[in-house]
Number of protein chains: 2
Amino acid sequence: MLNAVQVSLTPEQKFQEYLSSRPRVQRFTGQQKDMVRFIFSSHEHFDADSLLEEMRKASLVVSRATAYRTLTKLVDAGLLRRLVTGSRTTFEHDYGYPQHDHLRCMVCSKMIEFENPELETKLKEVALAHGFQIDKHSLIVQGTCAQCKKAKNARRKLDLI
Amino acid sequence: MLNAVQVSLTPEQKFQEYLSSRPRVQRFTGQQKDMVRFIFSSHEHFDADSLLEEMRKASLVVSRATAYRTLTKLVDAGLLRRLVTGSRTTFEHDYGYPQHDHLRCMVCSKMIEFENPELETKLKEVALAHGFQIDKHSLIVQGTCAQCKKAKNARRKLDLI
DNA sequence: ATTCTTGCAAAGCCTTTGCAACTGC
DNA sequence: GCAGTTGCAAAGGCTTTGCAAGAAT
């Protein structure tokens with residue numbers, strides 16, 4: 001996990017700020033508070049389904065529809081970031097977290113985060129050369145993590161016996 | 001558009017080779033031939049739907065199911081590459097085309113391709129540092145292309161009148 | 001009171017699949 | 001003739017939405 005970035009507001013406060021700054025003021029409800037607290041109490045990557053499941057285990061109940069609606073708001077508020085991997089949408093912390101990219105293990109689905117400023121610089125150079133204005137980027141490197149690679153090799157050796 | 005890479009087989013030949021090398025030999029049918037020819041007659045990025053539409057305009061008829069089934073085979077055969085952008089899957093040429101990444105304009109949806117070997121090198125370094133074995137990567141930079149940026153600025157000036 | 005949020009169930013969207021008819025080899 | 005392919009329509013998986021009931025300000 002990467003080091004947190006210094007921020008002055010808690011995620012809850014930041015979300016409230018967002019909600020009350022909308023053209024039509026939105027409300028900060030109990031379920032939403034539960035979601036924000038739950039989500040920011042750990043640093044996992046998650047999707048709508050796993051979030052609901054984990055929350056249910058913690059006796060926090062939110063309907064599927066509300067979960068999707070709130071996740072959308074959290075993304076708009078800059079608290080979460082969407083990662084488009086395959087069929088499902090994965091979410092991760094954005095607020096209070098540095099810009100980073102991902103190595104994704106195709107065996108165990110683990111997401112390994114990394115920061116690389118030189119990479120960012122390269123992207124800016126490329127964009128500049130094309131007169132392109134960057135809004136954001138998504139970089140996901142797929143492959144096999146060290147652990148799974150080791151396991152695979154061990155299995156291969158066994159097969160030879 | 002980037003420069004093509006030298007290849008010895010036509011896409012059709014490459015696909016035939018793939019089909020006949022399967023554990024259970026697969027057939028190269030008329031519809032599949034139509035698809036391969038049509039797809040490799042231009043260098044556009046496309047999704048299943050736009051492909052069907054364009055083919056229909058050219059009086060080439062393939063059912064939706066067959067299109068999806070054949071696209072999957074073409075990806076497995078190394079002729080096409082999948083790009084996961086949002087809800088729909090976008091495809092692009094892989095065979096005979098250099099490794100590259102994309103700038104995607106959020107206004108006009110245009111895909112601008114670019115090659116950057118230093119970027120690849122950086123990725124390899126990062127992976128090595130994590131004992132991670134790279135299979136492939138997907139990098140899509142979202143933003144506004146030069147053309148749309150200009151149009152936007154022009155509109156802004158008009159608004160001030 | 002008014003306006004936003006919730007939950008349910010239904011619909012939407014893209015993609016996959018079961019099955020009977022068909023076709024390449 | 002056998003094994004793989006096609007098209008249709010139906011099902012699948014994830015996400016969004018209409019609507020009536022409920023809750024926040």
Side-chain angles (χ1 to χ4, degrees), chain A residues 12 15-38 45-56 59-77 80-92 109, chain B residues 12-13 15-38 45-56 59-77 80-91 109:
Chain A
E12 250 174 279
F15 192 40
Q16 287 203 48
E17 190 178 86
Y18 166 81
L19 292 172
S20 55
S21 72
R22 297 289 79 197
R24 303 197 181 169
V25 173
Q26 301 187 339
R27 289 167 194 161
F28 191 40
T29 65
Q31 282 102 318
Q32 290 176 352
K33 188 172 294 185
D34 285 350
M35 283 184 63
V36 175
R37 284 194 180 155
F38 188 85
H45 290 79
F46 61 90
D47 58 38
D49 224 55
S50 65
L51 175 66
L52 285 169
E53 193 184 329
E54 292 302 314
M55 286 187 71
R56 214 169 287 128
S59 307
L60 295 170
V61 181
V62 184
S63 78
R64 191 165 294 275
T66 297
Y68 276 106
R69 284 191 273 235
T70 304
L71 286 171
T72 302
K73 291 184 183 186
L74 290 171
V75 170
D76 289 345
L80 294 180
R81 196 184 291 139
R82 280 191 147 85
L83 299 180
V84 181
T85 323
S87 53
R88 324 181 136 206
T89 301
T90 301
F91 296 88
E92 66 169 6
S109 298
Chain B
E12 249 174 277
Q13 292 170 331
F15 192 40
Q16 286 204 50
E17 190 178 87
Y18 166 82
L19 291 172
S20 55
S21 72
R22 298 288 79 198
R24 302 198 182 168
V25 173
Q26 301 187 338
R27 289 169 193 159
F28 191 40
T29 66
Q31 282 101 317
Q32 290 175 352
K33 188 172 295 186
D34 285 349
M35 282 185 64
V36 175
R37 284 194 180 158
F38 188 84
H45 290 78
F46 61 90
D47 58 39
D49 225 54
S50 65
L51 175 65
L52 285 170
E53 193 184 328
E54 292 302 315
M55 286 186 72
R56 215 167 286 128
S59 306
L60 295 171
V61 181
V62 184
S63 78
R64 191 165 294 274
T66 298
Y68 276 107
R69 284 191 274 235
T70 305
L71 286 171
T72 301
K73 291 185 182 186
L74 290 171
V75 170
D76 288 346
L80 294 181
R81 195 184 292 139
R82 278 189 149 84
L83 299 180
V84 182
T85 323
S87 52
R88 325 180 137 207
T89 302
T90 301
F91 296 88
S109 297

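Lettering follows sequence order; numbering is per chain, from 1. In this text the structure is predicted, and so the values were computed from the model without any measurement. All values below were derived from every heavy atom in this structure, side-chain atoms included, with hydrogens, water molecules and symmetry-related copies excluded.
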Compare side-chain N and O positions of Q32(A) against OP1 and OP2 of dC4(C) and report whether any pair is under 4.0 Å apart.
no

When you measure from the side chain of S50(A) to the backbone N and O of F46(A), does any donor-acceptor pair fall under 3.5 Å?
no

Between E54(B) and L51(B) (side chain of the first, backbone of the second, donor and acceptor by atom type, cut-off under 3.5 Å), is there such a pair?
no

So K33(B), base contact, sugar-phosphate only, or nothing? Heavy-atom distance under 4.0 Å.
nothing

For the backbone of Y18(B) and the side chain of S21(B), can you confirm whether one donor and one acceptor N or O come within less than 3.5 Å of each other?
yes

Whole angstrom value for the distance that separates C1' of dC25(C) from CZ of R24(B):
17 Å

Protein heavy-atom contacts under 4.0 Å, written 5' to 3' over nucleotides 14-25 of chain D as B (base), S (sugar-phosphate only) or - (none), form the string SBBBB----BB-

Gap between atoms CG and P, on L52(B) and dC13(C) respectively (whole Å):
17 Å

Nearest whole Å is fine: how far is dT6(C) P from D34(A) CG?
11 Å

Separation of dT2(C) C1' from Q26(A) CD (nearest whole Å):
16 Å

For dG7(D) and Q31(B) - does any side-chain N or O of the residue sit under 4.0 Å from the phosphate oxygens OP1/OP2?
yes

Could you check whether any side-chain heavy atom of V75(A) comes within less than 4.5 Å of a side-chain heavy atom of R81(A), counting everything from C-beta outward?
no

I need the CG-C1' distance between L60(A) and dG7(C), as an integer number of Å.
17 Å

Is there a side chain to side chain contact (heavy atoms under 4.5 Å, CB included) between D47(B) and T89(B)? Walk through the geometry before answering.
CA-CA 6 Å; D47(B) 58 39; T89(B) 302; over 6 Å; no

Checking T66(B) side chain against V62(B) main chain: does a donor-acceptor pair fall under 3.5 Å?
no

May I have the distance from L74(B) (atom CG) to dT5(D) (atom C1'), rounded to whole angstrom?
15 Å

